[in-house]
Chemist: 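I have a structure here, written as structure tokens, and I will follow up with some questions on it.
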Amino acid sequence: EVDINLKFIKGYKATFTFKGKFLLIHGAPVPIYLKSNLPLKNVGDKIIIEVNNHTNVEIHFSFGDLCGKLHKMSEEINHWERFMRRKVKIFLGHTEIIQTYRRSLQILHNLIYRPTGAILAAPTSSIPDTRGLDNNWDYRYCWVRDASFCVEAFSMANNFHDARRILHFLYSLQDNKKGWIYPVYTITGEKVPKEVLLDIPEDYGGKFRLGNEAGEQFQIDSEGAVLC
């Protein structure tokens, strides 16, 4: 066993709480985060790490705000590790294809607006890609057709949780005839605002484009896309 004794300034008393892979030590003037490559446990006022003769022990201390950021980063890594473990594996033998597949799942997952289940067509908007022009479109909305394609993709990838969330959002928008009034909706299920162009300051030039004209269009492929 590795026995870690912490000596505090008189008047401070150590207490411990676990946060993911980190042990948070209270009692010092600033929080102390302790991480090891081996399981940690605390007994009374001591921290214990059980090891064997063939294991290298790594112990890392960090303090204050940096610790909180490291903890959040660890939680984020754990989230994506769990996310990818739930997905179906592909055996194509090409590392680049597998990496592209996984990255695509991550991008689609991140396009979902958590409170409603709406999935954005793309996170791009407003600023033109070429200085001085207006070749930009606001895609921060949910198309019924595109969302249904994402449902199919998630289902094929064994990610039924995200697929159900998107479908729940789409079904909540149906009218009395079980159809959709608009081909595209905001992420909160409302009508997309009319498209407008706003001048960009001269140092960049061109125009901002906000809203999307697709909200005013008549498209007949929404129901068929969902049913397929």
Side-chain angles (χ1 to χ4, degrees), residues 18-23 35-40 68-125 137-192 212 214-215 217 219-228:
F18 282 95
K19 287 185 174 294
K21 296 180 179 179
F22 291 90
L23 179 65
K35 184 179 179 182
S36 173
N37 62 325
L38 297 175
L40 296 167
K69 293 177 181 178
L70 290 172
H71 171 58
K72 291 180 180 178
M73 182 175 70
S74 177
E75 286 186 330
E76 189 70 15
I77 292 173
N78 291 336
H79 166 77
W80 286 113
E81 287 177 346
R82 292 192 301 270
F83 177 83
M84 295 312 304
R85 281 198 298 268
R86 293 199 304 266
K87 308 303 162 263
V88 66
K89 296 180 180 179
I90 56 176
F91 301 94
L92 300 178
H94 300 288
T95 302
E96 291 184 359
I97 294 178
I98 295 175
Q99 289 176 343
T100 301
Y101 162 77
R102 291 177 174 174
R103 179 63 66 186
S104 298
L105 284 178
Q106 291 174 334
I107 292 172
L108 289 176
H109 176 73
N110 280 334
L111 286 174
I112 297 176
Y113 180 57
R114 301 290 179 266
T116 64
I119 184 166
L120 281 68
T124 56
S125 70
W137 285 266
D138 191 351
Y139 285 125
R140 300 171 297 168
Y141 306 108
C142 180
W143 271 258
V144 176
R145 175 195 61 238
D146 297 5
S148 67
F149 295 157
C150 294
V151 169
E152 183 177 7
F154 279 132
S155 299
M156 293 176 66
N158 201 35
N159 183 1
F160 300 109
H161 176 70
D162 284 340
R164 282 193 293 266
R165 292 170 65 192
I166 298 172
L167 280 176
H168 183 269
F169 173 74
L170 294 179
Y171 291 154
S172 71
L173 303 175
Q174 287 182 314
D175 59 16
N176 294 332
K177 296 181 180 180
K178 299 302 180 183
W180 287 271
I181 299 176
Y182 308 111
V184 56
Y185 293 84
T186 67
I187 56 177
T188 55
E190 301 168 344
K191 183 179 179 181
V192 172
N212 199 295
Q217 295 174 356
Q219 300 179 7
I220 60 174
D221 59 346
S222 298
E223 289 79 5
V226 175
L227 288 173
C228 289

Chemist: Among all residues two or more places apart in sequence or in another chain, which pass the side chain to side chain donor-acceptor pair (under 3.5 Å) test with Q99?
Modeler: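 Scan of Q99 (side chain to side chain donor-acceptor pair (under 3.5 Å), adjacent residues dropped) gives none.
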Chemist: Only pairs at least two apart or in different chains count here, so list each salt bridge (charged side-chain N to carboxylate O under 4.0 Å, His left out) that has a residue in residues 143-160.
Modeler: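 For residues 143-160, and leaving out neighbouring residues, the salt bridge (charged side-chain N to carboxylate O under 4.0 Å, His left out) pairs sorted by first residue read R145-D221.
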Chemist: Not counting sequence neighbours, which residues clear ring-ring contact (aromatic ring centres under 6.0 Å, His included) with Y185? List them please.
Modeler: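 With sequence neighbours excluded, Y185 shows a ring-ring contact (aromatic ring centres under 6.0 Å, His included) to Y182, given in chain and number order.
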Chemist: Which heavy atom in C150 sits nearest to a heavy atom in I166, and how many Å separate them?
Modeler: CB-CD1, 4.3 Å
Chemist: Output the distance between atom CG (L167) and atom CG (D162), rounded to the nearest 0.5 Å.
Modeler: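 Reported value, rounded in 0.5 Å steps: 11.0 Å.
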Chemist: Say you draw a straight line from CG of N159 to CZ of R164; how long is it, rounded to the nearest 0.5 Å?
Modeler: 9.0 Å
Chemist: Test of understanding: with side chain to side chain donor-acceptor pair (under 3.5 Å), list the residues that count as partners of T186, not counting sequence neighbours.
Modeler: T188
Chemist: What closest approach, in Å, do F154 and H109 show between heavy atoms, and which atom pair accounts for it?
Modeler: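 That would be CZ-N, 3.7 Å.
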Chemist: List the residues meeting side-chain contact (heavy atoms from CB on, under 4.5 Å) with Q174, not counting sequence neighbours, and say none if there are none.
Modeler: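 With sequence neighbours excluded, Q174 shows a side-chain contact (heavy atoms from CB on, under 4.5 Å) to Y171, K178, W180, given in chain and number order.
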Chemist: For N212 and Y139, run side-chain contact (heavy atoms from CB on, under 4.5 Å): C-alpha distance rounded to whole Å, both residues' side-chain angles, the deciding distance at 0.1 Å, then the answer.
Modeler: CA-CA 8 Å; N212 199 295; Y139 285 125; 4.3 Å; yes
Chemist: Nearest 0.5 Å, what's the OG1-CD1 distance between T95 and I98?
Modeler: 6.0 Å
Chemist: To check you understand the geometry: which heavy-atom pair defines the closest contact between A214 and P183, and what is its length?
Modeler: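 Shortest heavy-atom contact: O-CG, 3.3 Å.
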Chemist: So does E96 have more than 12 non-hydrogen atoms from other groups sitting under 6.0 Å from CD?
Modeler: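 Result for CD/E96: open.
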Chemist: Apply side-chain contact (heavy atoms from CB on, under 4.5 Å) to the pair V151 and S155, showing each step before the final yes or no.
Modeler: CA-CA 6 Å; V151 169; S155 299; 4.2 Å; yes
Chemist: Search all heavy atoms of P123 against all heavy atoms of L111 and return the closest pair with its distance.
Modeler: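 Minimum heavy-atom contact is CD-CD2, 3.6 Å.
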Chemist: Kindly compute the distance separating CD1 (I97) from CZ (R102), expressed to the nearest 0.5 Å.
Modeler: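 Answer for the CD1-CZ pair, I97 versus R102, is 13.0 Å.
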Chemist: What distance separates I187 CD1 from Y141 OH, expressed to the nearest 0.5 Å?
Modeler: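 The distance works out to 9.5 Å.
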Chemist: Would I112 and F169 count as a side-chain contact (heavy atoms from CB on, under 4.5 Å) if you check the C-alpha gap in whole Å, the side-chain angles of each, and the deciding distance to 0.1 Å?
Modeler: CA-CA 11 Å; I112 297 176; F169 173 74; over 6 Å; no
Chemist: Look up atom OG1 in T116 and atom CG in L170, then write down how far apart they are to the nearest 0.5 Å.
Modeler: 10.0 Å
Chemist: What's the shortest heavy-atom distance between L105 and A157, and which atoms?
Modeler: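 That would be CD2-CB, 3.6 Å.
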Chemist: Q106: which residues meet the side chain to side chain donor-acceptor pair (under 3.5 Å) condition with it, sequence neighbours left out?
Modeler: R103
